[in-house]
Structure formats: structure tokens, C-alpha cells
Amino acid sequence: MERTLILIKPDGMQRGLGGAILARLERRGLKIVGLKLLRMDEALARRHYAIHDGKPFFSGLVRYITSSPIIAAALEGRMAVEAARKTIGATDPAKAEAGTIRADFGMDIGRNLVHGSDSAENAEKEIALFFSPDEIVSYERATDPWITES
């Protein structure tokens with residue numbers, strides 16, 4: 001099983017889309033194994049977006065992501081990174097495939113609702129920024145109490 005990090009950004013939260021976004025990812029078959037509502041501070045924002053440090057939009061990105069509460073979610077499933085990214089859609093909502101989160105709800109490239117890890121390696125690093133190991137749960141041994149074996 002693979003894990004990925006999803007951040008529901010300030011525009012998604014301000015528009016009340018957090019539940020709808022998580023529901024789409026769950027319907028895709030991904031399981032929530034970590035979930036937090038938080039206000040990202042500047043230090044965490046700079047660590048999370050370090051790859052963009054030095055680019056012209058970096059300061060604005062840090063100001064934006066720290067401007068409002070966000071949801072951080074660790075999701076687990078088969079090929080979780082790819083499944084989440086296909087469900088989210090292209091970074092620019094105008095170019096996102098119909099039926100994706102960004103195509104259906106996104107406003108523009110700067111307000112595209114959600115961040116999703118771009119690789120399994122980055123997902124592992126990103127999840128560690130937002131969750132300690134004891135904050136991640138596992139479904140491995142979960143059973144359905146309504147199903148009994150004969």
C-alpha cells in the first residue's frame with residue numbers, strides 16, 4: 001500500500017469544499033489514515049514548499065497557504081499518489097480533465113483548491129511534515145463487525 005499527502009488549501013476551505021474533496025478521494029478507493037485541521041505557520045509552509053524557494057511566486061505562495069485554516073490528510077491505497085493526482089486534475093483548473101476536483105471546483109492556477117504529493121518518495125517526506133508516526137492509523141487488521149465468517 002502506498003500513501004500520499006493531500007492538503008485542502010485556503011480557497012477550498014473558505015468555499016466549504018473540504019468534505020466534498022475528501023469524499024471524492026475516498027470514493028476513488030483511498031482511505032484516510034491521518035487527518036488534521038490546522039493553520040500552517042510560515043516555517044512549515046517554507047519547509048513544505050522549499051522546492052519553490054527563490055521563484056518569483058514563493059512569497060505569495062507562503063502568504064496564501066498560511067492565510068486560512070487547511071486540512072492535511074494522509075491517504076492510503078493502491079498506487080495512492082497516481083490515484084489522488086488523477087482525481088485532483090491538472091494544476092491549472094482550465095486545463096484539468098472534466099470530472100476532476102480542479103476542473104469541477106477550481107477557479108484559477110493560483111486558487112486550485114488542493115495539493116497532492118507528486119511521488120511516493122515526496123509523499124513520505126510530506127506526510128512526515130504534518131503527522132507523527134503515532135498519528136497515522138492502519139486499516140490492515142480492520143474488520144467489518146457486520147460480517148461474520150461461517
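Interatomic distance, Lys36 NZ to Leu7 CG, rounded to the nearest 0.5 Å: 11.5 Å. Once rounded to the nearest 0.5 Å, the distance linking CD1 of Ile70 with CD1 of Ile8 reads 9.5 Å. A distance of 8.0 Å separates CG of Asp92 from CG of Asp108, quoted to the nearest 0.5 Å. Note: Leu113 CG to Met107 CE = 9.0 Å, rounded to the nearest 0.5 Å.
No donor-acceptor pair closer than 3.5 Å links the side chain of Glu82 to the backbone N or O of Met79. Side chain of Asn122 to main chain of Ser117: no donor-acceptor pair is present (N/O by atom type, distance under 3.5 Å, no hydrogens or angles). In terms of modelled atom types and a separation under 3.5 Å, the side chain of Asn112 and the main chain of Gly106 share no donor-acceptor contact. Between the side chain of Arg28 and the main chain of Ala84, no donor-acceptor pair closer than 3.5 Å is present.
Each of Phe130 and Ile32 belongs to its own hydrophobic cluster when Ile, Leu, Val, Met, Phe, Trp and Tyr are linked at side-chain heavy-atom distances under 4.5 angstrom. Neither Ile101 nor Leu5 shares a network with the other; the hydrophobic side chains, linked directly or stepwise wherever heavy atoms of I, L, V, M, F, W or Y lie under 4.5 Å apart, form separate groups for each. Transitive grouping of hydrophobic side chains (ILVMFWY, heavy atoms separated by less than 4.5 Å) keeps Val81 and Ile136 in distinct clusters. The cluster map of Ile, Leu, Val, Met, Phe, Trp and Tyr, joined by side-chain heavy atoms under 4.5 Å apart, puts Val114 and Ile109 in different clusters. Side-chain heavy atoms closer than 4.5 Å link hydrophobic residues (I, L, V, M, F, W, Y) into clusters, and following such links, even through other members, never connects Ile71 to Ile65.
Between Ala80 and Leu75, the shortest heavy-atom distance links the atoms CB-O, 4.3 Å. When all heavy atoms are compared, the tightest approach of Val62 to Ala45 is CG1-CB, 4.1 Å. Minimum heavy-atom separation, Pro10 to Ser68: CB-CB, 3.6 Å. What you find for Leu37 and Pro69 is that their closest heavy atoms are CD1-CB, 4.0 Å. Ala73 and Leu35 make their closest contact through CB-CD1, 3.9 Å (heavy atoms, listed as atom of the first residue, atom of the second, distance). Taking all atoms of both residues into account, the shortest heavy-atom contact from Arg102 to Pro93 is O-CB, 3.3 Å.
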Stepwise side-chain contact (heavy atoms from CB on, under 4.5 Å) test for Glu126 and His48: CA-CA 7 Å; Glu126 291 178 349; His48 178 67; 3.7 Å; yes
Steps toward side-chain contact (heavy atoms from CB on, under 4.5 Å) verdict (Asp53, Ile51): CA-CA 6 Å; Asp53 196 3; Ile51 192 168; over 6 Å; no
Leu61/His52 under side-chain contact (heavy atoms from CB on, under 4.5 Å): CA gap, chis, key distance, verdict: CA-CA 9 Å; Leu61 179 59; His52 300 301; 4.2 Å; yes
Candidate pair Ile88 and Ile6, rule side-chain contact (heavy atoms from CB on, under 4.5 Å), full reasoning: CA-CA 10 Å; Ile88 292 166; Ile6 297 296; 3.7 Å; yes
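Within a 6.0 Å radius of CD in Glu135, more than 12 heavy atoms belonging to other residues, nucleotides or ligands are found. Heavy atoms of other residues, nucleotides or ligands lying less than 6.0 angstrom from NZ of Lys95 number 12 at most.
Between Glu121 and Lys125 there is no salt bridge, since none of the side-chain N atoms of the basic residue sits less than 4.0 Å from a carboxylate O of the acidic one. Salt bridge Lys31/Glu76: absent, no basic N to carboxylate O contact under 4.0 Å. A salt bridge links Arg24 and Asp104; the closest N-O separation between the charged side-chain nitrogens and carboxylate oxygens is under 4.0 Å.
Geometric assessment of Arg63 against the ring of Phe58 yields a negative cation-pi assignment under the 6.0 Å and 45° thresholds. For the pair Lys9 and Tyr64, the NZ or CZ position fails the cation-pi test of under 6.0 Å to the six-membered ring centre and within 45 degrees of the ring normal.
Glu42 and Thr66 are not linked by any side-chain donor-acceptor pair at a separation below 3.5 angstrom, with hydrogens and angles left out of the test. Defined by atom type and a distance below 3.5 Å, a donor-acceptor pair is missing between the side-chain atoms of Thr100 and Glu97.
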